[in-house]
Amino acid sequence: MKKILVTGGAGFLGSHLCDRLVAQGEHVLVVDNYFTGSKRNIEHLLDCKNFEVIRQDICIPLYVEVDEIYNLACPASPVHYQRDPVQTTKTSIIGAYNMLGLAKRTGAKILQASTSEVYGDPVVHPQTEQYWGNVNPVGIRSCYDEGKRAAETLFFDYHRMHGVRIKVMRIFNTYGPRMAEADGRVVSNFIVQALRHQDITIYGDGLQTRSFCYVDDLLNGMMALMASDDAVTGPVNIGNPEEFTIGGLAEQVIFITGSTSTVIHENLPRDDPRQRRPDISLAKSLLGWEPKIRLDEGLKKTIDYFRGVV
Ligand SMILES: NC(=O)c1ccc[n+]([C@@H]2O[C@H](COP(=O)([O-])OP(=O)(O)OC[C@H]3O[C@@H](n4cnc5c(N)ncnc54)[C@H](O)[C@@H]3O)[C@@H](O)[C@H]2O)c1
C-alpha cells in the first residue's frame, strides 16, 4: 500500500482521483482548503480506513510522510482564479514550492497538474509540448497562466538540482460529474442553463473551438504518467484532440437534455483563446494513452449528474 498525497483532493479532478486510488487500496491523504472544492465530493470516502483529509492551504508547508504526491490544488476556472488573483499566484508558486520541498525530503514522486493555459493564446495548432506559448504576462488570466508556468519551472529546477522525480502534465479542458455548478466553465454552464431551460450564453460568435476530455480518460492519463518510468518527466499533454465549436457544443447539450433553451451571444472576455487543441503524440508514444470516450457519451454522464444537482 502506497501513501499518496492528493492536494486539491476535494475538487473536481482530485475527488475522482481519490476514488480510484482508494479503490486500488492505496492510503490516500487529501490536503484541501475548500476554496473551490467541496466536502460533498469526498464525503462518500470519509469512512474508508485508507482515506484522510487535512483542511490546509498548500501555501503553508506540510510535514507528512508520503510516497507519491499529486499536486492538483489550484482554482481552475477563470471565475475562481480571478476572484483572488494574488492567492492564485501564491497557490501556484508557493504551493508548488512547498510540495516540491516535501517531495525532496521524503523522496516522493510528484506530479504537477499543469494546464494548456501555459500555451496562452497559441499561434501554433495543435499545440505540442515543444511550443513555448503566447501568454500575456500582465492580463487578467496571468495569475493562473504565469503561475502555472512558474510552477513548471520550479518542478524542472528541483529535478535538475535535487533529483526530485517529477511528472508535469498539461491538462486540457476536462469535464464530467462533480464540476462545480457555478464555476463558469463552458460545459457545466451550458448544462446547467439547459436543464433550467434558461438562455444559453455563448461568448463571441460560437465559432471558436475547444477540445473536451472526459474525466475518466483524463485520470487514465494522469495515473499512467505517475506510473511511468522515472526518466519520463514531461511536460506531457493530456486532453482530447477532437475539436468542437462552442456553438456545436451548445447544440449537443440542448439536444441531449431536450431543453427549450435558446442560444444568446455576449462579448468575448479578454485574452480568451480562439482555438486550442492538444497534440497528444507524446502521451500516445510514452504512455500508450489516448482518450476513448466520445463527447456525446461523456455529456450524457455529466448531464445525468447535473440532473441530480440543479
Ligand atoms: N479541469 C480542467 O479542465 C483542468 C484543466 C487544466 C488544468 N487543470 C488543473 O487541475 C487541477 C484540478 O482542477 P479541478 O478542475 O479539479 O479544479 P477544482 O477547482 O475543482 O479543484 C481544485 C481544488 O484545489 C483546492 N485548492 C485551491 N487552492 C488551494 C490551496 N491554496 N490550498 C489547498 N487547496 C486548494 C480547491 O478547494 C479545490 O478542491 C488544478 O490544478 C487545475 O489547474 C484542470
Side-chain angles (χ1 to χ4, degrees), residues 5-15 30-39 41 53-64 69-104 110-122 132-158 164 166 168-174 178-186 188-189 203 235 267-273 276:
L5 171 63
V6 180
T7 77
F12 161 49
L13 297 180
S15 63
V30 162
V31 173
D32 201 299
N33 66 355
Y34 300 115
F35 183 69
T36 51
S38 152
K39 272 191 193 153
N41 288 339
V53 189
I54 302 176
R55 180 181 195 137
Q56 188 180 308
D57 191 314
I58 59 161
C59 296
I60 297 165
L62 182 71
Y63 298 94
V64 289
I69 304 168
Y70 287 86
N71 187 36
L72 272 56
C74 187
S77 78
V79 172
H80 289 136
Y81 66 65
Q82 288 167 11
R83 194 163 84 210
D84 185 345
V86 173
Q87 171 65 15
T88 302
T89 303
K90 282 170 68 181
T91 295
S92 302
I93 299 176
I94 301 176
Y97 169 76
N98 285 333
M99 292 309 119
L100 283 160
L102 179 62
K104 181 181 164 214
I110 180 166
L111 181 143
Q112 166 70 352
S114 191
T115 169
S116 57
E117 299 279 344
V118 301
Y119 300 120
D121 190 0
W132 290 353
N134 177 35
V135 177
N136 175 357
V138 294
I140 56 171
R141 300 172 78 114
S142 312
C143 56
Y144 184 71
D145 301 8
E146 297 288 21
K148 290 284 190 179
R149 286 168 69 94
E152 288 198 9
T153 307
L154 273 172
F155 266 70
F156 277 88
D157 283 332
Y158 264 79
V164 171
I166 59 160
V168 175
M169 168 178 184
R170 292 186 178 152
I171 302 173
F172 283 66
N173 258 349
T174 302
R178 299 192 201 142
M179 293 179 87
E181 184 192 322
D183 72 359
R185 285 191 252 194
V186 64
S188 46
N189 260 7
Y203 297 100
N267 289 339
L268 267 183
R270 265 179 295 156
D271 292 343
D272 196 51
R276 209 157 37 200

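Among residues two or more places apart in sequence or in another chain, the side-chain hydrogen bond (donor to acceptor under 3.5 Å, both in side chains) test is passed with Asp84 by none. Glu181 is linked by a side-chain hydrogen bond (donor to acceptor under 3.5 Å, both in side chains) to Arg196, counting only residues two or more places apart in sequence or in another chain. Applying the ring pair (Phe, Tyr, Trp, His ring centres under 6.0 Å) test to Tyr97 and every residue at least two apart in sequence or in another chain returns nothing. Scanning for side-chain hydrogen bond (donor to acceptor under 3.5 Å, both in side chains) contacts around Ser116 gives an empty result, with sequence neighbours left out. By the side-chain hydrogen bond (donor to acceptor under 3.5 Å, both in side chains) test, Tyr119 pairs with Arg170, Asn237, sequence neighbours left out.
Within the 3.5 Å criterion, the main-chain N or O of Gly120 finds no donor-acceptor partner in the side chain of Asp145. Side-chain atoms of Asn98 come within 3.5 Å of backbone atoms of Cys59 as a donor-acceptor pair (strictly under, hydrogens ignored).
A heavy-atom distance below 4.5 Å is not found between the side chains of Asp183 and Thr36. Here the side chains of Ile166 and Gln112 are not in contact, with every heavy-atom distance at 4.5 Å or above.
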- request: Begin with the C-alpha distance, continue with both residues' side-chain angles, and end with the deciding distance and a verdict on side-chain contact (heavy atoms from CB on, under 4.5 Å) for Leu102 and Val64.
  value: CA-CA 8 Å; Leu102 179 62; Val64 289; 4.0 Å; yes

field: Chi angles and distances behind the side-chain contact (heavy atoms from CB on, under 4.5 Å) call for Glu117, Lys148
entry: CA-CA 8 Å; Glu117 299 279 344; Lys148 290 284 190 179; over 6 Å; no

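The nearest pair of heavy atoms linking Ser15 to Gly11 is OG-O, 2.8 Å. For the pair Ile93 and Gly147, the tightest heavy-atom approach, listed with the atom from each and the gap, is CG1-O, 3.8 Å. Here the shortest heavy-atom pairing between Val164 and Ile110 reads CG1-CG2, 3.8 Å. Smallest separation of non-hydrogen atoms from Pro75 and Tyr144: O-CE1, 3.3 Å. Minimum heavy-atom separation, Asp32 to Ala10: OD2-N, 3.0 Å. Nearest heavy atom pair, residue Val118 against residue Val135, reads O-CG2, 3.4 Å.
Here the straight-line distance linking atom CD1 of Ile69 with atom CG of Leu100 works out to 8.0 Å at 0.5 Å rounding. Atom CE of Met169 and atom OG1 of Thr115 lie 10.5 Å apart (nearest 0.5 Å). Annotation: the span from Glu152 atom CD to Leu154 atom CG amounts to 10.5 Å, rounded to 0.5 Å. To the nearest 0.5 Å, the span separating CD on Gln82 from CD1 on Ile140 amounts to 4.5 Å. Glu146 CD to Arg149 CZ: the interatomic distance, rounded to the nearest 0.5 Å, is 5.5 Å. Once rounded to the nearest 0.5 Å, the distance linking OG1 of Thr7 with CG of Leu62 reads 9.5 Å.
The side-chain contact (heavy atoms from CB on, under 4.5 Å) test with Tyr203 is passed by exactly one of Leu268, Val186, Asn267: Leu268.
For the pair Arg185 and Phe12, the NZ or CZ position fails the cation-pi test of under 6.0 Å to the six-membered ring centre and within 45 degrees of the ring normal.
Listed by first and then second residue, the side-chain hydrogen bond (donor to acceptor under 3.5 Å, both in side chains) pairs involving residues 85-96 are Asp57-Gln87, Gln87-Thr91 (not counting sequence neighbours).
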